Amino acid sequence: MSKEKKVKKPKGKIGKLERKEALAGYAFIAPWIIGVLLFMLYPLGQSFYYMWFNIRITPLGTNFNYVGTGNFTQIWLENPEFPQQIVTYLWQTILEVPIIVVFALMIAMMLNGQIRFKGFFRLIFFLPVIIVSGPVMNMLVSQDAASIPVMNVQSIVNALDTFLPYSLAESIGELFSNMIMILWYSGVQILIFLSALQKIDSALYEAAKIDGGSKWECFWKITLPTIKPMILLNAVYSVIFLSSNEQNELINMIESAMFSGTKEKGYGYASAMAWMYSLIVTLIVLLFFLLLGSKKDIYDRQVKRRKRAMKKEARLAKKIERRGIRNAKKLERARKKRSYKTYSGEGDYR
């Protein structure tokens, strides 16, 4: 029997409806693509080019003097304030991000419960994201509205300095002094957690309660594993927000170096600073990704191990089957050979 050939269907033209949907999709993402190309990739490449030069703006034009890694060595050897701010930034970010994420999760769980005026409370917690930004934040910080007045921060720093490094003690003191401002930064994270909590099927909690599970066990066994991707998302968002807001001393330092009128500083010097700072921010994001990234569940590992064992058994069964078929063919050939010899011998005898 001849093998049936597969009939290939002719490729038809795209219909009008599909073409309209494709054009609508391209039109929807076009502003984002244009914005990334103009306001992200182009300045990114431009700053990468600038950091290898000493740039001077003169009435006759812009002068580029190639210095190689001179900007980097100048930053680390002649600017002691930059390494100090880097260390302070590292400690503050590592301490502030967990506080923001935990606070946002607690508020989201309360807002997800059966309480009255939930919409009003959601507005209250998200309102600082809209209002407290830019000049408003600077004005509130200058008036000490972001700190707790009755808290003696210096005594806390002095107490922690006895058994902790001074940079870490100072970062913890800064954390207490700006506690209100840090909690103001949790509005977006609350909404992300709230949307994730509303996606959890209530039947899971009902089944757990039938089996005798408490609220604490439901939180650790159902809620937390389900929203774990959102915890990573909020941690990364918090790192990026804290690294680029107007209260960050490193951002202000890079901005002042960019518009400095000195011969040593300028656009190239500030670009080198920005690239080193972005590298440190990337390392912090990778750290949180390693800590909070999705790990394989033990049941998933058991399922995959079982699937591998089943595939191994199937391969072994096929191997035994093929070996049995070969042995059967050998026996059939031997039987035919014996019958042929017997038949030939009988014919000669007759």
Side-chain angles (χ1 to χ4, degrees), residues 1-19 21-22 25-26 29 33 101 192-193 195-236 279 282-350:
M1 294 177 67
S2 61
K3 294 182 179 179
E4 296 181 358
K5 296 183 179 179
K6 294 182 180 180
V7 180
K8 294 184 179 180
K9 295 181 180 180
K11 294 182 180 180
K13 295 183 179 180
I14 300 176
K16 292 183 178 180
L17 182 60
E18 293 180 355
R19 190 181 294 109
E21 291 179 351
Y26 288 132
I29 64 173
I33 295 175
V101 173
I192 293 174
F193 276 136
S195 61
L197 291 172
Q198 291 175 351
K199 294 291 183 180
I200 301 176
D201 191 1
S202 59
L204 297 175
Y205 295 104
E206 294 175 0
K209 290 179 181 179
I210 291 173
D211 293 336
S214 62
K215 292 183 178 180
W216 185 251
E217 291 174 341
C218 290
F219 172 76
W220 284 103
K221 300 296 180 63
I222 298 175
T223 306
L224 201 61
T226 305
I227 65 172
K228 191 176 180 180
M230 298 300 106
I231 296 176
L232 175 61
L233 176 62
N234 281 332
V236 173
L279 179 62
T282 304
L283 293 177
I284 295 176
V285 171
L286 291 177
L287 174 63
F288 279 101
F289 181 79
L290 292 175
L291 294 175
L292 302 173
S294 58
K295 297 180 180 179
K296 298 294 182 62
D297 189 64
I298 183 172
Y299 300 106
D300 293 337
R301 291 197 295 268
Q302 290 178 356
V303 168
K304 288 189 176 182
R305 194 180 300 116
R306 177 59 182 167
K307 286 182 179 180
R308 288 196 297 267
M310 290 177 64
K311 288 181 180 179
K312 187 176 180 180
E313 291 176 359
R315 289 195 299 267
L316 183 61
K318 288 183 180 179
K319 187 177 180 180
I320 294 173
E321 184 181 0
R322 289 194 298 266
R323 187 179 299 171
I325 293 173
R326 287 197 300 268
N327 292 335
K329 288 181 179 180
K330 288 181 181 178
L331 292 174
E332 182 67 21
R333 286 196 297 268
R335 187 184 64 79
K336 287 182 178 180
K337 190 175 182 180
R338 285 197 303 271
S339 62
Y340 175 75
K341 287 182 178 180
T342 304
Y343 177 78
S344 299
E346 290 177 357
D348 294 342
Y349 177 77
R350 288 179 182 177

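Quick caveat: nothing in here was measured; it's all calculated off a predicted structure.
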Starting from the C-alpha separation in whole Å, work towards a yes-or-no answer on side chain to side chain contact (heavy atoms under 4.5 Å, CB included) for I200 and I227.
CA-CA 9 Å; I200 301 176; I227 65 172; 4.1 Å; yes
Considering residues at least two apart in sequence or located in another chain, which fulfil the salt bridge (Lys or Arg N to Asp or Glu O under 4.0 Å) criterion with E313?
none
So, using side-chain hydrogen bond (donor to acceptor under 3.5 Å, both in side chains) as the criterion, who are the partners of E332 when residues are at least two apart?
R335
Quiz: residues 207-226 side-chain donor-acceptor pairs under 3.5 angstrom, not counting sequence neighbours:
| residue | atom | partner | partner atom | Å |
| --- | --- | --- | --- | --- |
| S214 | OG | E217 | N | 3.4 |
| E217 | OE1 | S214 | N | 3.2 |
| T223 | OG1 | Y205 | OH | 2.6 |
| T226 | OG1 | I222 | O | 2.5 |

Before giving the answer on side chain to side chain contact (heavy atoms under 4.5 Å, CB included), spell out for K329 and R326 the whole-Å C-alpha distance, their side-chain angles and the decisive distance to 0.1 Å.
CA-CA 5 Å; K329 288 181 179 180; R326 287 197 300 268; 5.7 Å; no
Could you measure the distance from the CG atom of L283 to the CG atom of L279? Nearest 0.5 Å is fine.
5.0 Å
Distance col, row L286:CG vs L291:CG, nearest 0.5 angstrom, shows 11.0 Å
NZ on K319 to CZ on R315, rounded to 0.5 Å
10.5 Å
Once rounded to the nearest 0.5 Å, what's the spacing between atom CD1 of I320 and atom CZ of R322?
10.5 Å
Tell me, with the steps shown, if K228 and L232 meet side chain to side chain contact (heavy atoms under 4.5 Å, CB included).
CA-CA 7 Å; K228 191 176 180 180; L232 175 61; over 6 Å; no
